[in-house]
Number of protein chains: 2
Amino acid sequence: MSNQEALDQYDVKKYRTPDGYTSDIAVFTIVSEKNADYKPSKMTLKLMLIKRAKQNNEKQVNIEADKWALPGGFVQDDETAFEAAGRELFEETGVSKIHLKHFGIYDKPGRDPRGWIISNAHYAIVSSQQLAQRKADDDAAEVALFSMEKVYNLNLAFDHRQIIKDAFAVIKQDLLLTTVAKNFLPEQFTYSELQSVLLTVTDDSAISSDASFARKIKSLPFIEVVEGKKTQRTSKIPTQLYRFVHMDADIIKPIYTARY
Amino acid sequence: MSNQEALDQYDVKKYRTPDGYTSDIAVFTIVSEKNADYKPSKMTLKLMLIKRAKQNNEKQVNIEADKWALPGGFVQDDETAFEAAGRELFEETGVSKIHLKHFGIYDKPGRDPRGWIISNAHYAIVSSQQLAQRKADDDAAEVALFSMEKVYNLNLAFDHRQIIKDAFAVIKQDLLLTTVAKNFLPEQFTYSELQSVLLTVTDDSAISSDASFARKIKSLPFIEVVEGKKTQRTSKIPTQLYRFVHMDADIIKPIYTARY
DNA sequence: GATAATAATTAACGTTTTGTTAAATAAAAA
DNA sequence: TTTTTATTTAACAAAACGTTAATTATTATC
């Protein structure tokens with residue numbers, strides 16, 4: 001018998017199936033408070049949340065209305081959860097070509113009172129300029145940025161508290177173990193700009209010490225000097241610019257060979 | 001209006017919903033070829049696959065029959081995909097309390113000819129003894145272990161080729177960046193046993209050099225000496241045993257502070 | 001019973017990297 | 001002209017590394 005015959009016999013309704021398949025996105029941005037000219041700015045990692053409207057598009061009372069939530073929505077049957085996340089993020093913020101990563105599935109029975117609804121969690125990295133732009137375009141829904149400490153005081157929808165906690169853990173790990181930090185930086189950056197990004201998630205002394213980090217950055221195989229290019233963004237004296245080099249494989253440095 | 005009213009108005013059938021929600025498991029084991037007494041054994045990382053039966057439980061022609069596939073099945077509406085993976089693994093191998101981790105979602109439209117079927121990918125670590133046990137109990141379905149190289153020559157079901165590729169990448173990364181290696185080892189182990197496990201996924205010279213690795217293992221904060229305990233499993237001269245210490249937080253060593 | 005063989009472990013040592021403190025630099029601000 | 005400041009280099013002792021060789025404790029062999 002052929003595969004086709006097997007297919008014809010297959011009864012798709014044999015098992016109960018989910019009532020919904022959704023994607024949510026933890027949108028991260030780094031806001032930098034520029035204190036003065038010729039100074040590196042203090043950076044803070046923030047998460048964008050939206051306040052759920054009282055009514056949905058059909059003018060009905062919205063589920064989990066008035067609570068803060070991750071942006072997201074239902075996955076269509078012609079796309080993956082990852083593609084849906086990209087689409088929804090574009091609808092919400094107007095930005096595409098941003099860093100987006102799937103990091104987990106949230107499917108505990110009862111997590112959504114509407115039924116058996118599965119959520120795919122993603123995180124995205126968007127520049128604060130891009131977010132500011134969106135805010136100006138559309139102020140229908142309330143949108144705000146929260147630091148890691150402030151976010152847990154909010155009244156959060158569904159199981160978003162847990163998703164957010166996991167999202168912060170994942171982005172912290174990725175910032176330190178991969179080169180995603182590049183998405184928070186301009187294409188060319190100074191050692192202190194990269195340092196500031198990393199210090200939003202770590203207090204490692206090898207990173208926080210200027211002398212150590214400025215010396216170390218020159219020997220990292222995934223970062224290169226931009227020959228002869230300097231900037232005065234962060235200091236009076238012209239400062240060397242660096243850029244990430246394209247790597248086709250991830251860098252994996254075993255915990256068994258690190259220094260402690 | 002209350003949340004309850006919102007719930008009553010909510011129409012669960014507004015969006016098309018998936019036709020199936022499944023969990024698949026990449027079951028890894030390490031087989032060690034013991035060449036002789038008083039010698040460390042050569043270890044190889046292998047993946048367990050099952051050959052899909054010609055007929056399903058209802059005596060119908062099975063979908064993707066005769067192809068090799070990851071064990072798995074449908075998630076029930078009272079459990080998470082992760083719980084389903086644990087249940088299915090127990091049904092399949094008879095083992096519980098093994099290391100199990102969700103690592104991805106596979107939901108590309110068309111990936112399964114039966115309809116819109118979403119697969120949750122997990123990997124599990126099972127000792128080869130536990131697998132050998134199962135083989136003896138039930139030889140109805142064909143089960144076999146394949147090395148990373150051999151597996152890609154097989155006729156694989158659905159999109160399992162991609163899932164397997166990703167599973168190998170994830171376990172490689174986890175073996176080097178976390179302490180999951182402990183699940184491949186007895187509670188107490190020699191430096192060469194740990195070394196052999198790591199060498200199944202890396203050829204890092206700091207790990208493959210005996211002198212370096214034997215010196216280094218003593219300074220790792222997540223491994224401790226078992227005072228006064230030695231074994232002759234791997235050498236004529238009694239060899240020091242080590243164990244992993246329980247850590248409540250993951251070790252994260254930034255790529256920005258590593259040596260290159 | 002002496003000798004060879006072997007995996008684990010330590011020693012030895014020159015090289016590299018680190019942590020730290022201090023000095024040098026170059027431009028702006030006072 | 002002097003002060004200020006972020007960056008960068010220098011200097012140097014301490015730590016860690018890569019490597020080769022020696023030591024150890026046992027089993028296997030003769």
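Scope of the values below: all heavy atoms of this structure, side chains included, with no hydrogens, waters or symmetry mates. Order of the sequence lines fixes the chain letters, A, B, ..., with proteins taken first and strands second; residue numbering starts at 1 for each chain.
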Output for pair (B:Glu92 CD, B:Leu70 CG), nearest 0.5 Å, gives 11.0 Å
Whole-Å distance, B:Arg215 CZ to C:dA12 P, equals 13 Å
- Specify the separation, in whole Å, of atom CG of A:Leu220 and atom C1' of C:dT18.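 Atom CG in A:Leu220 sits about 14 Å away from atom C1' in C:dT18.
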Sugar-phosphate, base or nothing in reach of A:Ser192, heavy atoms under 4.0 Å: sugar-phosphate
Could you tell me whether B:Ser219 contacts a base, only the sugar-phosphate backbone, or nothing, with contacts defined as non-hydrogen atoms closer than 4.0 Å?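 Counting heavy atoms under 4.0 Å across all strands, no contact is made by B:Ser219.
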What residues 250-260 of chain A contributes to the DNA chain C interface at heavy-atom separation below 4.0 Å is A:Arg259
* To do: Let me know which of B:Thr239, B:Asp37, B:Leu241 forms a side-chain contact (heavy atoms from CB on, under 4.5 Å) with B:Arg233.
  =>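 Considering B:Thr239, B:Asp37, B:Leu241, a side-chain contact (heavy atoms from CB on, under 4.5 Å) with B:Arg233 is found only for B:Leu241.
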* Asked: To the nearest angstrom, how far is B:Glu193 atom CD from C:dA8 atom C1'?
  ->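 B:Glu193 atom CD is separated from C:dA8 atom C1' by 13 Å.
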Quick tally for nucleotides 22-30 of chain C: nucleotides whose base has a protein heavy atom under 4.0 Å get B, sugar-phosphate-only ones S, the rest -, giving ---BBBSS-
Rounded to whole Å, NZ of B:Lys216 lies from P of D:dA16 at a distance of 8 Å
A:Lys42 side chain to A:Ser196 backbone, donor-acceptor under 3.5 Å:
no
From the options A:Glu227, A:Glu224, A:Glu193, select the one residue that forms a salt bridge (charged side-chain N to carboxylate O under 4.0 Å, His left out) with A:Arg243.
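So the option named by the test is A:Glu224.
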Using 4.0 Å as the upper bound for N to carboxylate O, is an ion pair formed by A:Glu91 and A:Arg87?
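Yes.
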Original post:
Do other residues, nucleotides or ligands put more than 12 heavy atoms under 6.0 Å from B:Asn153 CG?
Top reply: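 Enclosed: over 12 neighbouring heavy atoms sit under 6.0 Å from CG of B:Asn153.
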Report yes if the distance between the aromatic ring centroids of A:Phe189 and A:Phe244 is under 6.0 Å, otherwise no.
->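 Distance test on ring centres: under 6.0 Å, yes.
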Side-chain atoms of B:Tyr191 come closest, of D:dC17, C:dA8, C:dG19, to C:dA8
Q: Using a 4.0 Å heavy-atom cut-off across all strands, classify B:Lys218 as base, sugar-phosphate, or nothing.
A: sugar-phosphate
Check for me whether the distance between the ring centres of A:Tyr256 and B:Phe222 falls short of 6.0 Å.
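Yes, they do, as the ring centres are separated by less than 6.0 Å.
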When rounded to whole Å, the CZ to P distance for the pair B:Arg233 and D:dT27 reads 16 Å
Side-chain donor or acceptor of A:His122 paired with backbone N/O of A:Ala26 under 3.5 Å: no
In whole angstroms, the gap separating P of C:dT18 from CD1 of A:Ile217 amounts to 14 Å
Taking CG from A:Asp210 and P from D:dT8, how many angstroms apart are they, rounded to a whole number?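 The answer, rounded to whole Å, is 10 Å.
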Next on the checklist: Output the rounded distance in Å from CZ (B:Phe213) to C1' (D:dT19).
Outcome noted: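 Checked: the CZ to C1' distance equals 18 Å.
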Practice prompt. Scan A:Thr239 against the nucleic acid and name what it touches under 4.0 Å (heavy atoms): base, sugar-phosphate only, or nothing.
Written response: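 Sugar-phosphate only.
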message = Checking contacts here: which listed nucleotide (C:dT6, C:dT9, C:dT20) is nearest the side-chain heavy atoms of B:Lys39?
response =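 Nearest listed nucleotide: C:dT6.
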